[in-house]
2 protein chains.
Amino acid sequence: MVSSSGPDSARRVTIHDVARSAGVSRQTVSRALNGKDEIERSTKQRVLDAARELGYRPSRFARGLVRQDTTTIGLVIPDLRNPFFTEVAASALECARARGWHVVVYDTADRPAEELGTLQVIGSQVDGVVGYFSCAEDELDRYTRGMPLVLIGREHRMARFSSIRIDGQEGVREAVAHLVAKGHTMIGMLDHDNRAEPSLRREWFTAAALGHGIDPGRVAGAEQSADGGGAGLRALLAAHPEITAVFTFNDIVAVGALREARRLGRSVPADLAVIGFDGLQLGALMEPPLSSVALDTHRLGSLAVEQVGRLLTGADPLPPEDLEVRAVLRPAGSS
Amino acid sequence: MVSSSGPDSARRVTIHDVARSAGVSRQTVSRALNGKDEIERSTKQRVLDAARELGYRPSRFARGLVRQDTTTIGLVIPDLRNPFFTEVAASALECARARGWHVVVYDTADRPAEELGTLQVIGSQVDGVVGYFSCAEDELDRYTRGMPLVLIGREHRMARFSSIRIDGQEGVREAVAHLVAKGHTMIGMLDHDNRAEPSLRREWFTAAALGHGIDPGRVAGAEQSADGGGAGLRALLAAHPEITAVFTFNDIVAVGALREARRLGRSVPADLAVIGFDGLQLGALMEPPLSSVALDTHRLGSLAVEQVGRLLTGADPLPPEDLEVRAVLRPAGSS
DNA sequence: CCCCGTCCCGTGAACGTTCACGGGAACGTT
DNA sequence: AACGTTCCCGTGAACGTTCACGGGACGGGG
């Protein structure tokens, strides 16, 4: 049952093959498959049968080429398993779906080196990119070649880019004020342990602490994981045993601290108050539930998608002052 | 500064425009952009400048049409925020990336009605689909029109499909044996509350319990969330106060039960042992860490991607008996 | 008998890119 | 001077689909 002439190469089944098999023209096949009018019932059925018989599937490229109605955006994140990025990704997906867009997701596995390769390969697959990058702007620029790019949680210098700013200054101030109101004066912080630059969150903490006449120097670094948070808390308490409250770089670390506190026999919040950052759903699963300087991750993803959409269609992009997510204190049982 | 003739339509900038602007031919532009040889340095630079000037970006459709070397798969899940699917998705992404594939992710927001629409729209965008669906097979078939489809955690009847089976029988047996060895005889279960069919996990539990002469009737339904787990535990303990250990439908519910146990003042595992199902990373964050009948989610995603790849290339697909993930007991502090 | 409308269906063109091939210029070799 | 090589660059074709248009068959009204 050799079909056609030539070697039985693994050639793709095209619309022509279906047309020939059904004894009609391409256009009729197209009509049958796309449910258009101007086709007789019996013909339509015959074409559909032929298509199924041959295992025909239209080429998305050919189709996309002629009717340019599908937009696809790329979403680049360092680690989908990190709950923060999970939430951002889920929100971005939700917003994209509402617009009928497709989202190609790339997980760079926490390796900044992968980012550029990803961007390279992404370039020919998507119309715009939303993502969390850690590499330099000029590199981003080079590998992105005039494609709209929206950065998450990071400032941008080049005019080409947009970025969603995370402003936690006020939220952290609230957190410290909250702790002070509860009678705490010895407040520590678990910062991230990347010593490249002092983290913004640390700066916010320092400012807030000073505002209450509190020594902002009780800080320890912690690896960005629950285990890291536990180890960090041990180190912090060893260096500053007087501490009665701790603010952490994010919720993951806070959860680790919570767990470690219990292991150390310090009850929360009586012996040790804990406040995290990000406001992940994860925090609500803890007992006591985690207090957190909460980010509206849904708004974060939403803004990013909205902006990349404007950049795409040429509509006036949102001004930087609107591209901002404000963190607010969400007090719970742990403080 | 009106360019070209005609209305200044929002026409796409094509390779021709760049070629004209740089005073060369299409092919030379293509060479410059793709970093090929056979082009002079100065010419290349001139083309690159022109491209940047015009904001040119190659059409992925035209490119994909001619060099058919990119494969894209669709990943359909009910809820990315559900940690189980997060882990599966992350694994699938990882495996796809290793093969250089792109992954379009669709979150159906727990609405089965969305599944078909998604499949419909997906059809012209991806080469194959991996996903967790809850709609009927014939519907899946209709909307998928000869596209490879791999089902996760669900049996299939039609030969067209593949599915990754989850076998927890042995793991649940281990769990019950473990509890019995610890002296428990009154073991309850928090099942899911969807009353359509009795869950497989419940059947496994029943069989395992009977194997040890234990009454398998101490069961309560729980909504699939932490809060649901908490409420379920309360209901279960109210109906069967004698219970000293509980097995749950999944880890999410278990986490809720863990939290509720603490609120009720029952210490874990001394007063109440808890064993979940899935083996999510989430469980390790609890204190005590959650025991669980653990699934290798990485293998799950990996198998699915592998299989859809084989279906895609026409290689011999994996036989059903290899498409199986076995759950094993991973004991921890909560039991 | 002619005309017009409706219902189907087919043909050329276009979408934007890369591949295969050919060809001119410059340079060196015989 | 004729010829081969190397280096650049351009032209036709192809990828597989949909859009715009045209046209035949058939039926009904004048």
Side-chain angles (χ1 to χ4, degrees), chain A residues 4 6 9-48 50-51 54-72 123-127 145-146, chain B residues 4 6 9-48 50-51 54-72 123-127 145-146:
Chain A
S4 76
S9 59
R11 220 186 83 263
R12 184 188 183 95
V13 178
T14 83
I15 201 174
H16 282 100
D17 302 321
V18 179
R20 183 151 20 90
S21 166
V24 295
S25 73
R26 316 178 297 242
Q27 183 60 13
T28 302
V29 176
S30 177
R31 277 193 269 256
L33 265 59
N34 296 346
K36 303 261 182 148
D37 283 356
E38 308 200 354
I39 184 173
E40 204 184 358
R41 273 194 102 69
S42 66
T43 311
K44 179 169 179 175
Q45 195 48 244
R46 189 154 38 95
V47 170
L48 257 36
L54 298 178
Y56 168 72
R57 282 192 328 110
S59 153
R60 68 172 179 285
F61 294 116
R63 176 172 287 179
L65 185 57
V66 56
R67 27 187 270 213
Q68 4 215 47
D69 53 354
T70 64
T71 65
T72 303
S124 52
Q125 285 288 330
V126 304
D127 301 308
R145 280 278 127 93
Chain B
S4 77
S9 59
R11 223 188 81 263
R12 186 189 181 92
V13 178
T14 82
I15 202 173
H16 282 100
D17 302 320
V18 179
R20 184 154 17 92
S21 166
V24 295
S25 74
R26 318 180 296 249
Q27 182 61 13
T28 303
V29 176
S30 177
R31 277 192 269 256
L33 264 59
N34 296 347
K36 301 260 180 148
D37 283 357
E38 307 199 356
I39 185 172
E40 204 184 357
R41 274 194 103 70
S42 66
T43 310
K44 179 170 179 176
Q45 195 48 244
R46 189 154 38 94
V47 171
L48 257 37
L54 297 179
Y56 167 73
R57 281 192 330 108
S59 152
R60 67 171 177 285
F61 294 115
R63 177 173 285 180
L65 185 56
V66 57
R67 27 185 269 211
Q68 3 215 47
D69 53 354
T70 64
T71 65
T72 303
S124 53
Q125 284 288 329
V126 303
D127 300 308
R145 279 278 125 93

*Asks:* Would you please test A:Thr70 and B:Phe61 for side chain to side chain contact (heavy atoms under 4.5 Å, CB included) and show each step?
*Replies:* CA-CA 11 Å; A:Thr70 64; B:Phe61 294 115; 3.5 Å; yes

*Asks:* Rounded off to whole Å, could you give me the CZ-to-C1' distance for the A:Arg63 and D:dT18 pair?
*Replies:*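 After rounding, the gap between these two atoms is 9 Å.
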
*Asks:* Spell out protein contact along nucleotides 4-12 of chain C as letters: B when the base is contacted, S when just the sugar-phosphate is, - when no protein heavy atom is under 4.0 Å; keep the 5' to 3' order.
*Replies:* ----SBBBB

*Asks:* With respect to the phosphate group of C:dC19, does any side-chain polar atom (N or O) of B:Lys36 fall under 4.0 Å of OP1 or OP2?
*Replies:*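 The answer is yes; a side-chain N or O of B:Lys36 sits under 4.0 Å from OP1 or OP2.
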
*Asks:* For B:Arg60 and D:dC15, give me the distance from atom CZ to atom C1', rounded to whole Å.
*Replies:*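 To the nearest whole Å, that distance equals 17 Å.
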
*Asks:* Can you check the B:Ile15 CD1 to C:dT17 C1' distance for me, whole Å?
*Replies:*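 Whole-Å distance recorded here is 6 Å.
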
*Asks:* Nearest-Å distance, CG (B:Asp69) to P (D:dC15)?
*Replies:*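 It works out to 16 Å between those atoms.
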
*Asks:* Roughly what angle, to 10°, lies between the helix axis at the start of the helix from C:dC1-D:dG30 to C:dT30-D:dA1 and the one at its end, five pairs per end?
*Replies:*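 About 70° separates the two local helix axes.
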
*Asks:* To the nearest Å, give me how far apart CZ (A:Phe61) and C1' (D:dC15) are.
*Replies:*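 Nearest whole value for this atom pair: 11 Å.
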
*Asks:* Nearest 0.5 Å, please: how far is OG in B:Ser21 from NE2 in B:His16?
*Replies:*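 Going from the NE2 atom of B:His16 to the OG atom of B:Ser21 covers 14.0 Å.
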
*Asks:* Find the distance B:Arg12:CZ to C:dC15:P and express it as a whole number of Å.
*Replies:*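 In whole Å, C:dC15 P lies 12 Å from B:Arg12 CZ.
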
*Asks:* Which of these nucleotides, D:dT17, D:dC15, C:dG16, is closest to any side-chain atom of B:Gln68?
*Replies:*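 Looking only at heavy atoms from C-beta outward on B:Gln68, the closest nucleotide is D:dC15.
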
*Asks:* With sequence neighbours left out, write down each residue that passes side-chain hydrogen bond (donor to acceptor under 3.5 Å, both in side chains) with B:Thr71, or none if nothing qualifies.
*Replies:*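 By the side-chain hydrogen bond (donor to acceptor under 3.5 Å, both in side chains) rule, B:Thr71 matches B:Trp101.
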
*Asks:* Apply the side chain to side chain contact (heavy atoms under 4.5 Å, CB included) test between A:Val24 and each candidate in A:Lys44, A:Arg46, A:Arg31; give the one that qualifies.
*Replies:*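 Result: among A:Lys44, A:Arg46, A:Arg31, A:Arg46 is the only option passing the side chain to side chain contact (heavy atoms under 4.5 Å, CB included) with A:Val24.
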
*Asks:* Round to the nearest Å and state the distance from B:Arg20 atom CZ to C:dG16 atom P.
*Replies:*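 It works out to 12 Å between those atoms.
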
*Asks:* So how far is it from A:Thr14 OG1 to A:Arg20 CZ, rounded to the nearest 0.5 Å?
*Replies:*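 Atom-to-atom, A:Thr14:OG1 and A:Arg20:CZ are 7.5 Å apart.
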
*Asks:* Let me confirm one number: the CD1-CD distance from A:Ile15 to A:Gln27, rounded to the nearest 0.5 Å.
*Replies:*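 Atom-to-atom, A:Ile15:CD1 and A:Gln27:CD are 7.5 Å apart.
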
*Asks:* How close do A:Ala51 and A:Leu33 get, heavy atom to heavy atom, and via which atoms?
*Replies:*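 Answer, listing the atom of A:Ala51 first, then A:Leu33: CB-CD1, 4.5 Å.
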
*Asks:* Measure from CG on B:Leu33 to P on C:dT17 and round the result to the nearest Å.
*Replies:*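 To the nearest whole Å, that distance equals 9 Å.
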
*Asks:* Please check if any side-chain donor atom of B:Thr72 sits under 3.5 Å from a side-chain acceptor atom of A:Arg60, or the reverse.
*Replies:*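 A pair is found: one side chain offers a donor N or O, the other an acceptor, under 3.5 Å apart.
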
*Asks:* Looking at every strand, decide which applies to A:Asp37 at a 4.0 Å heavy-atom threshold: base, sugar-phosphate, or nothing.
*Replies:*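 The residue A:Asp37 makes no contact with any strand.
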
*Asks:* Does B:Arg63 reach the main-chain N or O of A:Gln125 with its side chain, forming a donor-acceptor pair under 3.5 Å?
*Replies:*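 No: the side chain of B:Arg63 does not pair with the backbone of A:Gln125.
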
